Amino acid sequence: MSFFGFGQTAEIDIVLNDGETRKKAEHKTEDGKKDKYFLFYDGETVSGKVNVTLKTPGKRLEHYGIKIEFVGQIDLYYDRGNHHEFVSLVKDLARPGELSQSQTFDFEFTHVEKPYESYTGQNVKLRYFLRATISRRLNDISKEMDIVVQTLCSYPELNSSIKMEVGIEDCLHIEFEYNKSKYHLRDVIVGKIYFLLVRIKIKHMEIDIIKRETTGTGPSVYHENDTIAKYEIMDGAPVKGESIPIRLFLAGYELTPTMRDINKKFSVRYYLNLVLIDEEERRYFKQQEITLWRKGDIVRRSMSQQASIAAQRFEGSNSETASAQAKEESN
């Protein structure tokens with residue numbers, strides 16, 4: 001727009017080439033609401049078109065260049081003025097000049113590295129987005145489009161069980177065991193709790209899943225604990241020798257993979273918190289860290305692909321055999 005507001009302006013629209021077929025994933029925004037965004041994985045190509053539509057037909061739009069960027073960025077809420085970019089790719093779409101009519105520009109970021117998972121937390125946000133910009137003398141025209149990135153992992157080779165003892169001398173002695181220490185986001189926590197000594201009156205027992213978000217470094221470290229789930233194990237007094245099974249399904253809770261020292265800016269860790277409450281409302285608890293990871297269906301896809309290839313080869317070999325037999329018969 002010109003200084004007096006009578007110049008040419010334009011609208012920008014970013015369209016992905018595979019937007020009609022690409023899967024979308026729900027992701028929480030800063031205000032706590034959920035929205036759906038196009039889903040990408042590490043190494044996938046991001047390509048599409050930038051549509052520039054002139055608002056006033058017949059008028060030219062002067063510009064100093066048109067570009068599109070692919071950005072991976074961490075925003076710390078206590079440091080709003082600074083954006084920490086860990087991915088920054090730029091493609092020039094047009095040199096400085098004039099636009100006399102609406103125009104479409106193609107772009108492609110090939111095999112883009114997306115090392116971290118998208119995350120929106122209490123004090124930090126990690127986001128990926130495309131930003132198209134028309135550079136102008138007074139004010140640029142830009143449009144952003146967020147995407148969601150998920151990181152997939154394979155099954156961990158080492159996944160030992162968790163076995164611990166906790167108690168109060170001459171009052172309480174409990175042994176608890178979980179089947180493993182690493183769980184995918186739709187896994188089931190299976191375990192048992194053994195009461196070896198009970199001399200206090202316990203009225204309630206539960207297991208909590210606690211998410212601990214850590215941001216900052218050194219003296220400026222912020223810890224934010226959030227209780228994601230509460231699972232009641234028992235309601236009433238246990239007796240010595242009693243064993244209580246645990247079966248906690250993770251699929252129904254809003255969980256993310258464990259994130260450790262992401263770009264040296266933040267971490268997200270998860271803990272199982274065993275809580276006992278006696279009749280005098282005193283609380284006894286023991287925490288144990290667990291690792292969460294996102295399981296992909298890549299293995300299943302590759303197996304189905306192999307099956308289809310094998311079927312095609314089988315059909316091809318049959319057709320070749322049939323044609324050979326036909327030739328022999330004709331001869």
Side-chain angles (χ1 to χ4, degrees), residues 117 119 121-124 153 156 158-238 242-262 265-294:
E117 175 144 338
Y119 175 74
Q122 300 287 341
N123 295 313
V124 63
C153 298
L158 297 176
N159 199 354
S160 57
S161 61
I162 300 173
K163 190 172 183 179
M164 296 185 68
E165 294 184 2
V166 61
I168 305 168
E169 189 175 356
D170 297 329
C171 293
L172 182 68
H173 189 186
I174 298 174
E175 184 179 275
F176 61 91
E177 183 177 2
Y178 304 116
N179 60 331
K180 49 192 177 183
S181 57
K182 300 174 183 177
Y183 300 88
H184 63 79
L185 299 185
R186 296 186 174 274
D187 214 335
V188 182
I189 297 175
V190 178
K192 287 184 179 180
I193 296 179
Y194 305 93
F195 290 89
L196 304 177
L197 177 64
V198 183
R199 289 181 178 171
I200 58 176
K201 293 183 178 180
I202 298 173
K203 72 171 187 177
H204 183 72
M205 191 172 184
E206 69 183 28
I207 283 185
D208 302 338
I209 299 177
I210 295 176
K211 181 177 78 171
R212 179 172 298 162
E213 179 185 288
T214 304
T215 54
T217 56
S220 302
V221 174
Y222 299 88
H223 299 287
E224 193 77 37
N225 289 341
D226 186 15
T227 301
I228 303 297
K230 287 189 176 184
Y231 176 76
E232 185 179 272
I233 299 173
M234 55 167 287
D235 188 8
E242 188 171 359
S243 173
I244 299 177
I246 299 170
R247 187 174 292 270
L248 175 58
F249 293 84
L250 299 179
Y253 302 106
E254 293 185 12
L255 301 168
T256 69
T258 295
M259 305 178 186
R260 291 188 173 92
D261 200 21
I262 300 299
K265 293 293 185 293
F266 73 97
S267 297
V268 180
R269 299 172 183 262
Y270 288 89
Y271 298 84
L272 289 178
N273 190 31
L274 179 64
V275 182
L276 291 83
I277 304 173
D278 65 15
E279 290 187 345
E280 297 180 5
E281 298 299 328
R282 288 178 296 197
R283 297 172 64 90
Y284 310 92
F285 61 90
K286 182 71 174 180
Q287 281 190 2
Q288 176 64 41
E289 184 175 2
I290 58 174
T291 300
L292 299 183
W293 53 282
R294 186 181 297 281

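Computed from a predicted structure; not experimentally measured.
- Other residues, nucleotides and ligands contribute more than 12 heavy atoms inside 6.0 Å of the CZ atom of Arg260.
- Closest of all the heavy-atom pairs between Asp208 and Val275 is OD2-CG2, 3.6 Å.
- Side-chain contact between Tyr119 and Phe266 is present, with at least one heavy-atom pair separated by less than 4.5 Å.
- Listed here is the closest heavy atom pair of Ala229 and Tyr253: CB-CE2, 3.2 Å.
- Closest approach of Lys182 and Leu158 over heavy atoms only: NZ-O, 3.2 Å.
- Between Asp261 and Ser267, the closest heavy-atom pair is N-OG, 2.7 Å.
- Here the straight-line distance linking atom CD1 of Ile246 with atom CD of Glu206 works out to 12.0 Å at 0.5 Å rounding.
- A 4.5 Å side-chain heavy-atom check between Ile290 and Ile162 finds at least one atom pair inside the cut-off.
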Run the side chain to side chain contact (heavy atoms under 4.5 Å, CB included) check on Lys265 and Thr215 step by step: do they pass? CA-CA 6 Å; Lys265 293 293 185 293; Thr215 54; over 6 Å; no
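- Summarising the geometry, atom CD belonging to Glu177 is positioned 8.0 Å from atom NZ belonging to Lys192; distances are rounded to the nearest 0.5 Å.
- Within 6.0 Å of CD in Glu224 there are more than 12 heavy atoms belonging to other residues, nucleotides or ligands.
- Separating the CE atom in Met164 from the CD atom in Gln288 is a distance of 5.0 Å, to the nearest 0.5 Å.
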Take Asp187 and Ile189, measure what side chain to side chain contact (heavy atoms under 4.5 Å, CB included) needs, and give me the verdict at the end. CA-CA 7 Å; Asp187 214 335; Ile189 297 175; over 6 Å; no
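- With a 4.5 Å cut-off on side-chain heavy atoms, Tyr222 and Gln122 do not count as touching.
- Summarising the geometry, atom CZ belonging to Phe285 is positioned 11.0 Å from atom CG belonging to Leu274; distances are rounded to the nearest 0.5 Å.
- Scanning all heavy atoms of the two residues, the minimum distance from Glu165 to His173 falls at OE1-NE2, 3.1 Å.
- We find the OG1-OH distance between Thr258 and Tyr271 to be 9.5 Å, quoted to the nearest 0.5 Å.
- Counting heavy atoms from C-beta outward, Ser181 and Thr291 have side chains that stay 4.5 Å or more apart.
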Please step through side chain to side chain contact (heavy atoms under 4.5 Å, CB included) for the pair Tyr178 and Ile207, ending with a clear verdict. CA-CA 12 Å; Tyr178 304 116; Ile207 283 185; 3.4 Å; yes
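- Shown here is Lys286, whose NZ atom has no more than 12 heavy atoms of other residues, nucleotides or ligands within 6.0 Å.
- For the pairing with Leu248, the side-chain contact (heavy atoms from CB on, under 4.5 Å) check across Val188, Ile233, Ile209 returns one residue only, Ile209.
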Quick one, Glu213 with Asn123, criterion side chain to side chain contact (heavy atoms under 4.5 Å, CB included). Give me CA distance, side-chain angles, the key distance, then yes/no. CA-CA 8 Å; Glu213 179 185 288; Asn123 295 313; 3.4 Å; yes
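- When all heavy atoms of Met205 and Ile193 are compared, the pair lying nearest together is CE-CD1, 3.4 Å.
- Under a 3.5 Å cut-off, the side chain of Ser243 and the backbone N or O of Tyr194 do not form any donor-acceptor pair.
- How far NE2 of His204 is from CD of Glu279: 13.5 Å, rounded to the nearest 0.5 Å.
- At distances below 3.5 Å, at least one donor-acceptor pair connects side-chain atoms of Tyr270 with backbone N or O atoms of Thr256.
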